[in-house]
Student: 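My questions all concern the structure below.
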Amino acid sequence: MSGNDAQRSRTRAKDTGPPLTGADEKATLRGFLDYLRNAVADKAAGVPEPQVRTGGVPSGTNLLGLVKHLAFVERFYFLGEDVGDWRTTMRPSAQDTVDSVLADYRETVERANQVIEACPDLALPAPRPPRRGQAPSMRWVLVHMIEETGRHAGHADLLREQIDGSTGR
């Protein structure tokens with residue numbers, strides 16, 4: 001690919017700033033979490049096979065695996081579902097597609113948001129899988145999920161730029 005071809009293939013999305021959120025703590029935390037969730041999903045959307053599942057770093061981290069992993073993390077922390085082996089959550093199966101993984105992620109986020117909205121006090125415990133010890137507060141889970149999702153959003157930014165030069169949010 002010549003320099004001009006590479007320049008044309010690179011797209012730069014308009015960066016979007018942090019979300020304007022509601023006035024209360026829950027709305028602010030959820031607003032930032034949703035902002036990051038959308039950023040991750042947008043980075044994987046439209047990426048063709050096999051690039052979407054091709055590792056961009058020696059560990060094998062790939063866009064499809066990041067989204068799949070985050071769906072597992074959401075189910076663990078907000079829905080109380082246990083995860084047998086965290087390492088496998090980042091490995092898409094041969095049957096996984098961009099559309100199926102994104103649909104699962106979005107459906108999981110919707111269910112998680114229902115749990116968040118139903119929580120009357122962020123000091124209350126979040127759902128917890130059986131035999132996993134004391135549950136952290138919903139506040140802690142929201143802050144942790146902002147950190148976890150933000151970390152993986154950064155990974156997704158770099159992986160997408162490696163695939164097609166796309167940058168921005």
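Just so you know, these numbers use all the heavy atoms, side chains as well, and skip hydrogens, waters and symmetry mates.
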Student: Taking the six-membered ring for Trp and the full ring for Phe, Tyr or His, determine whether the centres of Phe76 and Trp86 are under 6.0 Å apart.
Tutor: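 Yes - the distance between ring centres of Phe76 and Trp86 falls below the 6.0 Å cut-off.
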Student: With rounding to the nearest 0.5 angstrom, report the NZ to CE distance, Lys68 to Met90.
Tutor: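 Between atom NZ of Lys68 and atom CE of Met90 there are 11.5 Å.
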Student: What pair of heavy atoms forms the shortest contact from Ser137 to Leu122, and how long is it?
Tutor: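 That closest heavy-atom pairing would be CB-O, 3.5 Å.
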Student: Is a salt bridge present between Lys26 and Asp24, judged by a nitrogen-to-oxygen distance below 4.0 Å?
Tutor: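 Judged by the 4.0 Å cut-off on N to carboxylate O distance, Lys26 and Asp24 do not form a salt bridge.
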Student: Less than 4.5 Å apart, side chain to side chain, heavy atoms only: is that true for Phe78 and Gln114?
Tutor: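 In short, these two side chains do not touch, never coming nearer than 4.5 Å.
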Student: Hydrophobic cluster membership, with links at side-chain heavy-atom distances under 4.5 Å among I/L/V/M/F/W/Y: are Val67 and Ile146 in one?
Tutor: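 No, Val67 does not connect to Ile146 through the hydrophobic network.
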Student: Would you compute the distance between atom CG of Leu142 and atom OG1 of Thr28 and round it to the nearest 0.5 angstrom?
Tutor: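 Separation between the atoms: 11.0 Å.
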Student: Taking all non-hydrogen atoms of both residues, which atom of Ala126 and which atom of Ala135 are closest, and how far apart?
Tutor: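 Closest heavy-atom pair between Ala126 and Ala135: O-CB, 3.2 Å.
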Student: A side-chain contact here means heavy atoms from C-beta on lying under 4.5 Å apart; do Leu63 and Arg160 qualify?
Tutor: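 In short, these two side chains touch, coming nearer than 4.5 Å.
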Student: Assigning hydrophobic clusters by single linkage (Ile, Leu, Val, Met, Phe, Trp, Tyr; side-chain heavy-atom cutoff under 4.5 Å), is Val47 placed with Leu102?
Tutor: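 Linked within one cluster.
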Student: Nearest 0.5 Å, please: how far is CG in Leu64 from CD in Gln51?
Tutor: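 Answer rounded to 0.5 Å: 12.0 Å.
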Student: Quick check on the hydrophobic clustering: are Val141 and Leu33 connected, directly or via other members, by side-chain heavy-atom contacts under 4.5 Å?
Tutor: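 Linked within one cluster.
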Student: Can you tell me how far the CG atom of Asp157 sits from the CG atom of Asp42, to the nearest 0.5 Å?
Tutor: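 Going from the CG atom of Asp157 to the CG atom of Asp42 covers 10.5 Å.
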Student: How long is the straight-line distance from CG of Leu66 back to OG1 of Thr89, given to the nearest 0.5 Å?
Tutor: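 One gets 9.5 Å once the value is rounded to the nearest 0.5 Å.
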Student: With the threshold set at 4.0 Å, does a side-chain nitrogen-carboxylate oxygen contact exist between Glu49 and Arg53?
Tutor: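 A salt bridge links Glu49 with Arg53.
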Student: Check whether any side-chain heavy atom of Pro136 lies under 4.5 Å from a side-chain heavy atom of Arg128, and answer yes or no.
Tutor: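 Heavy-atom side-chain distance check passes, below 4.5 Å.
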Student: Determine whether Phe72 and Leu36 fall in the same hydrophobic cluster, where Ile, Leu, Val, Met, Phe, Trp and Tyr are linked whenever their side-chain heavy atoms lie under 4.5 Å apart.
Tutor: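 Yes, Phe72 and Leu36 fall within the same hydrophobic cluster.
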Student: Nearest heavy-atom pair of Ala44 and Val52: which atoms, and what distance?
Tutor: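 Reported closest heavy-atom pair: O-CG2, 4.3 Å.
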Student: Asp34 versus Asn113: any side-chain heavy-atom pair under 4.5 Å?
Tutor: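 Side-chain contact under 4.5 Å: yes.
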Student: Mind checking whether Val101 and Leu159 sit in one hydrophobic cluster, side chains of I, L, V, M, F, W, Y counted as touching below 4.5 Å?
Tutor: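 The answer is yes; both residues are in one hydrophobic cluster.
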Student: Under 6.0 Å from the CD atom of Glu110, do we count more than 12 heavy atoms belonging to anything else shown?
Tutor: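 Atom CD in Glu110 is not packed in, count stays at 12 or less.
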Student: Are Glu81 and Arg111 close enough for a salt bridge, meaning some N to O gap below 4.0 Å?
Tutor: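 Answer for the salt bridge query: yes.
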Student: Is any NZ, NE, NH1 or NH2 atom of the basic residue among Asp96 and Arg91 found under 4.0 Å from an Asp or Glu carboxylate oxygen of the other?
Tutor: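 No salt bridge links Asp96 with Arg91.
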Student: Where do Pro92 and Gly65 come nearest, in terms of heavy atoms and distance?
Tutor: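 It is CD-CA, 3.8 Å.
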Student: Taking Thr61 for its side chain and Val57 for its backbone only, find out whether a donor-acceptor pair lies under 3.5 Å.
Tutor: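 No, the answer is negative, given that no donor and acceptor are paired below the 3.5 Å cut-off.
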Student: Going by distance alone, is a donor N or O of one side chain under 3.5 Å from an acceptor N or O of the other, for His69 and Glu148?
Tutor: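 Note: His69 and Glu148 side chains meet the donor-acceptor criterion.
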Student: Without swapping roles, check the side chain of Asn62 against the backbone of Gly60 for a donor-acceptor pair under 3.5 Å.
Tutor: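 Yes, Asn62 side chain to Gly60 backbone: donor-acceptor pair under 3.5 Å.
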Student: Evaluate salt bridge (Lys or Arg N to Asp or Glu O under 4.0 Å) for Arg75 paired with Asp82, printing each intermediate quantity in order.
Tutor: CA-CA 8 Å; Arg75 286 192 294 270; Asp82 208 354; over 6 Å; no
Student: Evaluate the side-chain proximity of Glu25 to Leu29: yes if any heavy-atom separation is below 4.5 Å, no if none is.
Tutor: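 Counting from C-beta outward, Leu29 and Glu25 do come under 4.5 Å.
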Student: According to the interplanar angle, ranging from 0 to 90°, do the rings of His152 and His155 count as parallel (below 30°), tilted (30 to 60°) or perpendicular (above 60°)?
Tutor: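 Rings of His152 and His155: tilted, as their planes differ by 30° to 60°.
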Student: With rounding to the nearest 0.5 Å, note down the distance linking CZ in Arg30 to OG1 in Thr21.
Tutor: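 Output value for this atom pair is 11.5 Å.
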Student: Shortest non-hydrogen contact from Cys119 to Leu124?
Tutor: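 Shortest heavy-atom contact: SG-CB, 4.4 Å.
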Student: What closest approach, in Å, do Gln162 and Gly56 show between heavy atoms, and which atom pair accounts for it?
Tutor: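 Between these two residues, the closest heavy atoms are OE1-O, 3.2 Å.
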Student: For the residue pair Thr149 and Arg37, confirm or rule out a side-chain donor-acceptor distance under 3.5 Å.
Tutor: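 No.
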